Q: 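Sending over a structure as C-alpha cells; questions will come in a sec.
Here is the naming used below: chain letters follow the sequence lines, and residue numbers restart at 1 for every chain. Because the structure is a prediction, the values reported are computed rather than measured. As a basis for the values below, the full set of heavy atoms in this structure was taken, side chains included, without hydrogen atoms, waters or symmetry mates.
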Amino acid sequence: MSTPTPEPPERGDFIREIVAADVREGRVGEVVTRFPPEPNGYLHIGHAKSICLNFGVAREFGGRCHLRFDDTNPIKEEQEYIDAIEADVRWLGFDWGEHLYFASDYFEQLYEWAVHLIEAGKAYVDDLSADEIRAHRGTFTEPGRESPWRDRPVEENLDLFARMRAGEFPDGARVLRARIDMAAPNINLRDPVLYRILHAEHPRTGDAWCVYPTYDFAHGQSDAIEGITHSLCTLEFEDHRPLYDWLIENLPVPSRPRQYEFARLNLTHTVVSKRVLMRLVDRGLVHGWDDPRMPTMSALRRRGFPAEGIRDFARLVGVAKADNTVEVEMLEHCVRTVLNRTAPRRFGVLDPLRVVLTDYPEGKVEEMDVPNNPEDPQAGTRKVPFSRELWIERADFMEEPVCKFFRLAPGREVRLRSAYFITCREVVKDREGRIVELRCTHDPATRGGDAPDGRRPKATLHWLSAAHAVPAEVRLYGHLFADPYPGADGGDIFASVDPESEKVLSGALVEPSLAELPVGETVQFERLGYFCPDPDSVPGAPVFNRTLTLKDTWAKLQQRSRQAQGA
RNA sequence: UGGGGCGUAGCCAAGUGGUAAGGCACCGGGUUUUGGUCCCGGCAUCCGGAGGUUCGAAUCCUCCCGCCCCAGCCA
C-alpha cells in the first residue's frame, strides 16, 4: 500500500491557511492530524471528504495522519466495522503507517484524568437519573439547575467513581460530570457527562471496563495524547469547542491540540447519514451496505468508482463552512474523467438484435483488431472475432428513423467499429410484428472500418459475433433516489427509493475477452458506459455492474423531444 | 427563544478595500472509426437586503432578512 502519487497542490482552503500560518509562525512543528471514525457503521462518501482532508493536509505539510477509532460506546461498535473502515481508508489510497490507535487504548489514562478533575473539584459523581439530568439542564432560554449532588466532598466523589469502575452500580445509576456552569448559555458547558456506566462487552477491551468516557471527554484528550496539532471535525461540533478547550486547559495533558470545524458533504439523489443508510439496509430496500446504489465506500468500490476519482472529487468540492449539497453530477464527472483515461474499451450488447450478413461466407471467422483505448495508443489493440451472424444493440436500429437518428435503418449504411460498413437490406419480424433479425450486406473494401473512397457513415456501432458472444448478467444502476433532495419535502424517505434505480438484464452479451475479467477492473463498453465485474460473477457466467453511462447526447435529444411532445 | 455558525451563478467555490478565479451543470460551434473524449465560445454590471464610511466596497461599519446546528448517560 502506498500513498497516492502527489497530486497538484491543494487549493488553500481556510483549514490549510490556518495550518500554513501555524507552521510559518512556529506554533507547530510537525503537522499531525487524525481521521477519527466511530466503528459503528460503514464509511461513506462524506467520510471520504474528511479522510482526504486529514490525510491530504498531513501529506502536504510533511506531517502525519493517524487513524484513530473513537470506540467509546461499546453498545454500537463492532470489530466488523473496524476491519471494513481500515480496508476502505486503504482502498481510498491512504496509509497511516504505524499510527493506528483506539480511544480505548487510553481508557486507563482517561480514567486517571477524570480522577484528577475530581481532586481539583472540577468533576463530581451525580446520582440523578438520565431524565432528571435532562430536566435539570434547562432550556435554550432558561438556565439549568444544579444537581443536589454537585457539591459532594472530593473523597466521596473519589470513592463513588472508583466503585462505578468496580462495577458496583447498574447501568445509568450514576455518572461523572464536569463541574462547569449550569447557567452557561452554551448547553454543552452545563456540567456535561464525562463517564457513564455501561455493562457492555467492548470489541477491544472486552469486559475490562464498565464505565466508558463520553465523546467529549475522550476525543480532545486522545488528540492531546497523540500530539494531534489540528483536530478537524464537522460543524456540529463547533458548540463543543469551548468544552474541548476547557478539558485541555484543566488537565495535565501532554500537548495542546486545536479543533477546527468544516462543513460536511451532502450529495444530491442520495443520503449521507449512517442512521438512514443503516435503515435502508435493515429494511431490505437495498441489498446491503455495499449495494452499488449506496454512497458507502464499499458500494462505490463495488460499483467501479476508482479511488482516484473520489479523491479528485474531494479536492474539487473544497473545504469551507457553508452548508452545501453538491450535485452528484460532479462526482460522476470525476469518475468519468479517470475512467475515460484508464478503462480498456470492450464490446458489450445489452439488448441484442440479430444481424445476418447475407453476403458474408458461412463458417468464416475473422479476427478484427480493435483499439483498447483511443485515449491511450500505448494500450494497444485486441482481437475480436467477426462472422456472418452478429448481434448489435436493438436501440441502434429504427425501422422508421426519426429526424437526427443517425444509426442503422432500412437501406442505410453504418460502420461496425473496426470491422466493416454494413447496409440494412431487410427487416425480419415475428408474427407479433416484433423485429427479430436484420438482413444486411457488407462492403469487403471497408475492412477495419475505413472506406477507400472516403465515405463516412454518420454512425459507428459496436457489435458481437453471435457464435462467440458470452452471455452475461448486467446490472444497471441509477440514483438511489429520483428526488435530488430525498426527504426534504418531509415525506417518508424510505418510500422514495427509486424502484428503477436497479435494473437487472439477463440477456446481455459481451465479447470473449470479458469472460473472466477480474473484479476490480472497470472497462468501458463502447458507446454505452463503464462496467465492472461484480463479485457475484462465477466462471463462465460473468455479472457486470454499470458504473456510469457515458454522456449521451442522443439520449438527451430524445428526452428533449419527448418532453416537447408531452408538454 | 439563549448560544454557535453560515449567506458570491442552477450546484460547489475563489476572493482578505482597487473594480467578480475556477470547476460541475447548461447552451451553441469544431474535430472524431464511441452521438464518448478533445477543442473553441456563451453563461453574476453583480456578491442575502437596506443604509453608511471611502476617490474606490463582495471585502470596513450599522441595522435588517434568511438558512443550519445545540436541550443523548450518541458521535
Q: Using a heavy-atom cut-off of under 4.0 Å over every strand shown, decide if A:Ile133 touches base, sugar-phosphate, or nothing.
A: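 It contacts base atoms.
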Q: Hey, which of these two, A:Asn188 or A:Tyr215, hits RNA chain B nearer its 5' end, going by closest nucleotide?
A: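 Its nearest nucleotide lies further toward 5', so the answer is A:Asn188.
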Q: Send over the distance from A:Ile85 CD1 to B:A75 C1', rounded to a whole Å.
A: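 Atom-to-atom, A:Ile85 to B:A75, this comes out as 12 Å.
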Q: Can you tell which of B:G3, B:G72, B:C68 lies closest to the side chain of A:Pro185?
A: B:G3
Q: Name the closest nucleotide to the A:Asn340 side chain, picking from B:G36, B:U1, B:C69.
A: B:G36
Q: Using heavy-atom distances to pick each residue's nearest nucleotide on RNA chain B, tell me which of A:Gly138 and A:Lys404 is more 5'.
A: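 Nearest nucleotide further toward 5': that of A:Lys404.
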Q: Does A:Phe237 reach a base, just sugar-phosphate, or nothing at all? Heavy atoms under 4.0 Å.
A: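 Contact class for A:Phe237: base.
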Q: Taking atom C1' in both B:U16 and B:A9, compute the distance separating them and give it to the nearest angstrom.
A: 22 Å
Q: Which one, B:A75, B:C6, B:A13, comes nearest to the side chain of A:Thr72?
A: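 Nearest to the side-chain atoms of A:Thr72, counting from C-beta on, is B:A75.
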Q: Just the rounded figure in Å: distance from C1' of B:A75 to CZ of A:Phe217.
A: 17 Å
Q: Between A:Asp71 and A:Lys76, is the closest basic N to carboxylate O distance under 4.0 Å?
A: no
Q: Which nucleotide sits closest to the side chain of A:Glu17: B:G7, B:G2, B:U16?
A: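 In terms of side-chain proximity for A:Glu17, the closest of B:G7, B:G2, B:U16 is B:U16.
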Q: Please determine whether a side-chain nitrogen or oxygen atom of A:Arg196 lies at a distance below 4.0 Å from atom OP1 or OP2 of B:C74.
A: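 Checking B:C74 against A:Arg196, a side-chain N or O does come within under 4.0 Å of OP1 or OP2.
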Q: Distance between the C1' atoms of B:A14 and B:A58, in whole angstroms?
A: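 My reading of the C1' atoms in B:A14 and B:A58 gives 12 Å.
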Q: Salt bridge check, A:Asp127 against A:Arg152: does any charged N sit closer than 4.0 Å to a carboxylate O?
A: yes
Q: Taking atom types as modelled and ignoring hydrogens, do the side chains of A:Tyr244 and A:Gln221 form a donor-acceptor contact shorter than 3.5 angstrom?
A: no
Q: Could you give me the CA-CA distance, side-chain angles and deciding distance for A:His66 and A:Tyr101, then say whether ring pair (Phe, Tyr, Trp, His ring centres under 6.0 Å) is met?
A: CA-CA 7 Å; A:His66 299 179; A:Tyr101 303 108; 4.8 Å; yes
Q: How far does the P atom of B:G7 sit from the matching atom of B:C12, given to the nearest Å?
A: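 About 12 Å, rounded to a whole number of Å.
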Q: For the side chain of A:Glu38, starting at C-beta, report the closest nucleotide among B:G5, B:C12, B:A75.
A: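 Nucleotide nearest to A:Glu38's side chain: B:A75.
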Q: Syn or anti for B:G15, taking syn as within 90° of 0?
A: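 Because its glycosidic torsion lies more than 90° from 0, B:G15 adopts the anti conformation.
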Q: When both hydrogen-bonding distances must be under 3.5 Å and the geometry is Watson-Crick or G-U wobble, what is B:U59 paired with, if anything?
A: none
Q: Whole Å only: how far is the NE2 atom of A:His479 from the C1' atom of B:A25?
A: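 Spelled out: NE2 on A:His479 to C1' on B:A25 is 13 Å.
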Q: Could A:Arg527 and A:Glu393 be called an ion pair, given the rule that one side-chain N must be under 4.0 Å from one carboxylate O?
A: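 Between A:Glu393 and A:Arg527 there is no salt bridge, as every charged N stays at least 4.0 Å from the carboxylate O atoms.
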Q: May A:Phe140 be described as stacking on the base of B:C70, applying a 5.5 Å centroid limit and a 30° limit on plane angle?
A: yes
Q: Identify the nucleotide, in any strand shown, that forms a Watson-Crick or G-U wobble pair with B:A75, with both distances under 3.5 Å; if there is none, say none.
A: none
Q: Across the strands shown, which category fits A:Phe421 at heavy-atom distances under 4.0 angstrom: base, sugar-phosphate, nothing?
A: nothing
Q: Give a yes/no on whether any side-chain N or O of A:Lys551 is located under 4.0 angstrom from OP1 or OP2 of B:U37.
A: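 Result: yes.
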Q: Does any nucleotide pair with B:G2 by Watson-Crick or G-U wobble geometry, both distances under 3.5 Å, and what is it?
A: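 Because both required distances fall under 3.5 Å, B:G2 counts as paired with B:C70.
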Q: Closest to the A:Lys76 side chain: B:U37, B:C74, B:C70?
A: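 Ranking B:U37, B:C74, B:C70 by closest atom to the A:Lys76 side chain puts B:C74 first.
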Q: Does the base of B:U34 carry an N or O that pairs as donor and acceptor with the side chain of A:Arg345 under 3.5 Å?
A: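 For A:Arg345, whose side chain was compared with the base of B:U34, there is a donor-acceptor pair (under 3.5 Å).
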Q: Rounded to whole angstroms, how far apart are CD on A:Glu526 and P on B:U32?
A: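 For the pair A:Glu526 CD and B:U32 P, the rounded distance is 17 Å.
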Q: So for A:Asp239 and B:G3, does any side-chain atom that can act as donor or acceptor lie under 3.5 Å from a complementary atom in the base?
A: yes
Q: Just to be sure I understand the geometry, which residues of residues 327-336 of chain A put a non-hydrogen atom under 4.0 Å away from RNA chain B?
A: A:Glu327, A:Glu329, A:Met330, A:His333
Q: Can you tell me which nucleotide in B:G35, B:G23, B:C12 comes closest to the side chain of A:Leu316?
A: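 The closest nucleotide is B:G23.
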Q: Does A:Arg150, at its CZ atom, have more than 12 non-hydrogen atoms belonging to other residues, nucleotides or ligands within less than 6.0 Å?
A: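 Count over threshold, so yes.
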Q: Please evaluate the base of B:G35 for a donor-acceptor partner in the side chain of A:Arg407 within a cut-off of under 3.5 Å?
A: yes
Q: Tell me whether the side-chain N/O atoms of A:Thr553 come closer than 4.0 Å to OP1 or OP2 in B:G36.
A: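 Affirmative; the distance criterion is met.
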Q: Check whether any side-chain N or O of A:Lys556 sits under 4.0 Å from OP1 or OP2 of B:C26, and answer yes or no.
A: yes
Q: May I ask you to say what A:Pro36 touches in the nucleic acid, namely base, sugar-phosphate or nothing, with a heavy-atom cut-off under 4.0 Å?
A: nothing
Q: Please state the C1' separation for the pair B:U8 and B:G48 - nearest whole angstrom.
A: 10 Å
Q: Measuring from atom CZ of A:Phe35 to atom SG of A:Cys233, what distance do you get when rounded to the nearest 0.5 angstrom?
A: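 One finds 12.5 Å between CZ of A:Phe35 and SG of A:Cys233.
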Q: When you compare B:C24 with B:U32, how far apart are their P atoms, in angstrom units rounded to a whole number?
A: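 One P to the other, the span is 24 Å.
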Q: In terms of ring plane angle, is the pair A:Phe531 and A:Phe525 parallel, tilted or perpendicular, where the classes change at 30° and 60°?
A: parallel
Q: For A:Glu511, is there an ion pair with A:Arg382 - N to carboxylate O distance below 4.0 angstrom?
A: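 The answer is yes: the pair qualifies as a salt bridge.
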Q: What is the separation between atom CG on A:Asn324 and atom C1' on B:C11, rounded to the nearest whole Å?
A: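 Atom-to-atom, A:Asn324 to B:C11, this comes out as 10 Å.
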Q: What's the closest nucleotide to the side chain of A:Lys321 if the choices are B:C73, B:U34, B:C6?
A: B:C6
Q: Can you tell me how far C1' in B:G49 sits from the matching atom in B:C67, rounded to whole Å?
A: 15 Å
Q: Looking across every strand, which nucleic acid part, if any, lies under 4.0 Å from A:Val175 by heavy atom: base, sugar-phosphate, or nothing?
A: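 The answer is base, as A:Val175 lies within the cut-off (heavy atoms under 4.0 Å) of a base atom.
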Q: Between A:Asp323 (CG) and B:U8 (P), how many Å, whole number?
A: 11 Å
Q: Which value, in whole Å, describes the distance between the C1' atoms of nucleotides B:G23 and B:C60?
A: 31 Å
Q: Please check if the number of heavy atoms outside A:Trp554 that lie under 6.0 Å from its CH2 is greater than 12.
A: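 More than 12 within 6.0 Å, yes.
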Q: What's the NZ-P distance between A:Lys458 and B:G36, to the nearest Å?
A: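 Taking NZ of A:Lys458 and P of B:G36, I get 13 Å after rounding.
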Q: In terms of the angle between their ring planes, are A:Phe237 and A:His240 parallel, tilted or perpendicular, with boundaries placed at 30° and 60°?
A: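 Aromatic pair A:Phe237/A:His240 classed perpendicular.
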Q: Any side-chain N or O of A:Arg137 under 4.0 Å from OP1/OP2 of B:G72?
A: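 True: A:Arg137 side-chain N/O within range (under 4.0 Å) of B:G72 OP1/OP2.
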Q: Under a 3.5 Å cut-off for both distances, is B:C24 Watson-Crick or wobble paired, and to whom?
A: B:G10
Q: Say you draw a straight line from OG1 of A:Thr446 to CD of A:Glu413; how long is it, rounded to the nearest 0.5 Å?
A: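 Reported value, rounded in 0.5 Å steps: 7.0 Å.
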Q: Taking donor-acceptor contacts at under 3.5 Å, does the side chain of A:His240 reach the base of B:A75?
A: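 Checked by distance alone, the answer is yes.
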Q: A:Val317 has a side chain; which of B:C12, B:C73, B:C68 sits nearest to it?
A: B:C12
Q: Using the C1' atom on both, measure B:A21 against B:C38 and round to a whole Å.
A: 23 Å
Q: Of the nucleotides B:A75, B:C12, B:G3, which one has an atom closest to the side chain of A:Glu236?
A: B:A75
